[in-house]
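We name chains A, B, ... by the order of the sequence lines, and we start the count at 1 in each one. Predicted, not measured: the structure shown is a model, and the values here were computed from it.
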Protein chains: 4
Amino acid sequence: MRARPFAEITVADIAREAGLAVGTVYRRFENKDALIPVLFEIYKQRLDGFTGPSGGIAVDPQSGLKGVLRQLATQSWEFLTQERAIAREAHLYARLRPDLVGAEWDALLAASQASFGALIDAFPGEVRRPRDEVTEMLAYHFNTALTERALYPDDGVGSQMTVSELDFVRAIADFAYGYLVTEAD
Amino acid sequence: MRARPFAEITVADIAREAGLAVGTVYRRFENKDALIPVLFEIYKQRLDGFTGPSGGIAVDPQSGLKGVLRQLATQSWEFLTQERAIAREAHLYARLRPDLVGAEWDALLAASQASFGALIDAFPGEVRRPRDEVTEMLAYHFNTALTERALYPDDGVGSQMTVSELDFVRAIADFAYGYLVTEAD
Amino acid sequence: MRARPFAEITVADIAREAGLAVGTVYRRFENKDALIPVLFEIYKQRLDGFTGPSGGIAVDPQSGLKGVLRQLATQSWEFLTQERAIAREAHLYARLRPDLVGAEWDALLAASQASFGALIDAFPGEVRRPRDEVTEMLAYHFNTALTERALYPDDGVGSQMTVSELDFVRAIADFAYGYLVTEAD
Amino acid sequence: MRARPFAEITVADIAREAGLAVGTVYRRFENKDALIPVLFEIYKQRLDGFTGPSGGIAVDPQSGLKGVLRQLATQSWEFLTQERAIAREAHLYARLRPDLVGAEWDALLAASQASFGALIDAFPGEVRRPRDEVTEMLAYHFNTALTERALYPDDGVGSQMTVSELDFVRAIADFAYGYLVTEAD
DNA sequence: AATGAATGAGACTTCATTCAT
DNA sequence: CATGAATGAAGTCTCATTCAT
């Protein structure tokens, strides 16, 4: 998958790569589509491995709201770039075959929202927007904003940027910070 | 494409839909891949048709920076949801076949950055960040933040949201506003 | 089919035999199973070609009931042995895939019964059994009795016979004759 | 086999059904084809079990030639319908793979002829045809006439009949009776 | 001796592409 | 210039058979 998207990979390719015969792959998986959820499973394992046993990204509350958001963005960025190949396929197949990975993705998202809820509760005075909206929007923003450039550094919107990666990640965090601390209307 | 992604559509489907014979399609296009840029061309035409002959989205500077950003977000949202099918394919193929649509996408992005540059120049006192970074980040943000929910309303990150579409679009604009008006450090 | 049953023939075999490419076969037939009805269609054409434009086997009523039955048996025998390959497949697939050829077979059978009805009406004094039963049983008998030896001369029940073919066919007719002219009880 | 013909049953199916591993099946049988004779063996056992230790179907000579033939037809009919699944496969494979079951079938047939010989010897005055022909033709007739309707009640020639099973079986016997008691020419 | 995971040849089917009409 | 039947490479999947455990 580092080279070609899943759809263009044949079962024979997968078998060869895995050092198995084609029939052996079919012994374990009903058909080629049944491999997609596995893709996602691996993605989740990598994610778990990254966040560590505590289950959440390690942040230092002493660094203030903006600092915490920047730490979060940085950690997410590092994960996405390190695991680019698998993350790209996971994101792509969430779109191409939502029937196969949709439910798993929802669970990930719910966990993400919960952790954002805990985060803003740690800074009660600064956040000036409804808690429900905030958790949803933060989860959405961190999920979508980083992925484009992290997963497709050579194509599309992210590839033409001159801003450094460091500044880019900071800016993404600052979008979130600015949203939280400004009045809704 | 309203029903199936381009890869799953056969050349025979396209010919039938166009009222042509398969061979006729091949008189005009080298091969099936050569149809992808056309997809993008159509996307650009639709975009042009939407923005109107002036070439830019109509906004009212009297409504202030936040107001302008919200108008922009709303207009973009409306375009994306109205042209969901074609926009989805354009975005998807920018990822699946960057070699075929990458250059066109870059041109679109450059235009977008230019227009954001003009926009912030209209509010010199309020924006507290470097102009270069701002134009890039705004173009990036408006391009990525809205697409996920607009193009994939039934799947993925956008499908689980309880925030109304109106509040969602406003929030996306407010992310941008908050980013612009807060200090960089 | 002269050599192997349909199930063991690959689509590639059929294409090669027909001087076509595999894809061309699939241009005309949905899938391999869709070829089975064609088999049957050919069988019916051969049968039509054999019975001639009059639509029925030519018999001479002057030769009496037994004579007519023998003529019928002889004609049927000749058809079955001449068209052994196609007839064998038609009979075999009526059993292996009744869903595909059942309805066609029923039509053939109904025609056969009608013609037997006309036949016995020509000899009102001699037939001592109910007309309904007689038409059904004659159609059944002529259909099943001849096929075994005609279609599988080298195997099974028919292959071990020492009775000459001529005597065999006569005997089959005589079974029918004896049945018709003896009392039911 | 009650549901699908042998060709569509996998070796894994057979092993599972037998409570064995696939490899164990291959310890006992050279290959899948080697199972076909077993099929036939089972058929013969069932047949032996039906006819009883005496080795022949029990008939009452007091009931006359026609009565005896009817008893025979009835007994055969009952066996075939009771053991439909195995009988169907035995008959089918006698055709599909004559090389594997032909010899066994011949033995069965010879026994059948012998028993018909004994039968007609018990009614010397009534049978007006050469003994050799008669034994062969009776064995052939009882073998082929009943099988079609007994084994394929839902398809083909037998499925469209309105004659009751009882009358059908009687008629099959009466074909034989009529053949025996009428003059050859 | 029994197991059953692994194997891979080969079957069916699709569809981008060609080319005679 | 348009047509669409023909093509055949290539992909998915099945299953009889093997063999290390």
query: Between B:Asn31 (CG) and E:dT17 (C1'), how many Å, whole number?
result: 9 Å
query: Between D:Glu8 (CD) and E:dA11 (P), how many Å, whole number?
result: 17 Å
Spacing between D:Lys32 atom NZ and F:dC15 atom P, to the nearest angstrom: 8 Å
message: Please verify the inter-ring angle class for B:Phe79 with B:Phe50; under 30° counts as parallel, over 60° as perpendicular, anything in between as tilted.
response: tilted
- prompt: Any side-chain heavy-atom pair from D:Asp106 and C:Ser159 closer than 4.5 angstrom?
  reply: yes
- prompt: Got D:Phe29 and D:Val25 here, is their nearest side-chain heavy-atom distance under 4.5 Å?
  reply: yes
task: Sort by first number and list every stem of DNA chain E: at least 3 consecutive Watson-Crick or G-U wobble pairs, both distances under 3.5 Å.
output: E:2-21 with F:2-21
- prompt: How many angstroms lie between CG in C:Leu151 and CZ in D:Arg95, if you round to the nearest 0.5 Å?
  reply: 7.5 Å
query: For B:Ile14 and E:dC15, what is the distance between atoms CD1 and C1' respectively, to the nearest whole Å?
result: 12 Å
task: Could you tell me if the ring centre of D:Phe6 sits under 6.0 Å from that of D:Tyr93?
output: yes
task: Would you check if B:Leu39 and B:Leu35 make a side-chain contact, meaning some heavy-atom pair closer than 4.5 Å?
output: no
statement: Here the distance between atom P of F:dC15 and atom CZ of D:Arg16, to the nearest Å, is 12 Å
- prompt: Whole-Å distance between E:dA2 P and D:Phe29 CZ?
  reply: 12 Å
- prompt: Nearest 0.5 Å, what's the CG-CD1 distance between D:Leu47 and D:Ile86?
  reply: 11.5 Å
message: Between P on E:dC15 and CG on B:Leu35, what's the gap in Å once rounded to a whole number?
response: 16 Å
Close side-chain approach of B:Tyr26 and B:Val11, heavy atoms under 4.5 Å: yes
task: Figure out the OH/P separation between C:Tyr26 and F:dG11, and round it to whole Å.
output: 18 Å
- line: With sugar-phosphate taken as primed atoms, P, OP1 and OP2 and all else as base, the protein-contact string of nucleotides 1-6 of chain F at under 4.0 Å (heavy atoms; B, S, -) is SBBBBB
Side-chain heavy atoms of B:Glu83 within contact of B:Tyr43, under 4.5 Å: no
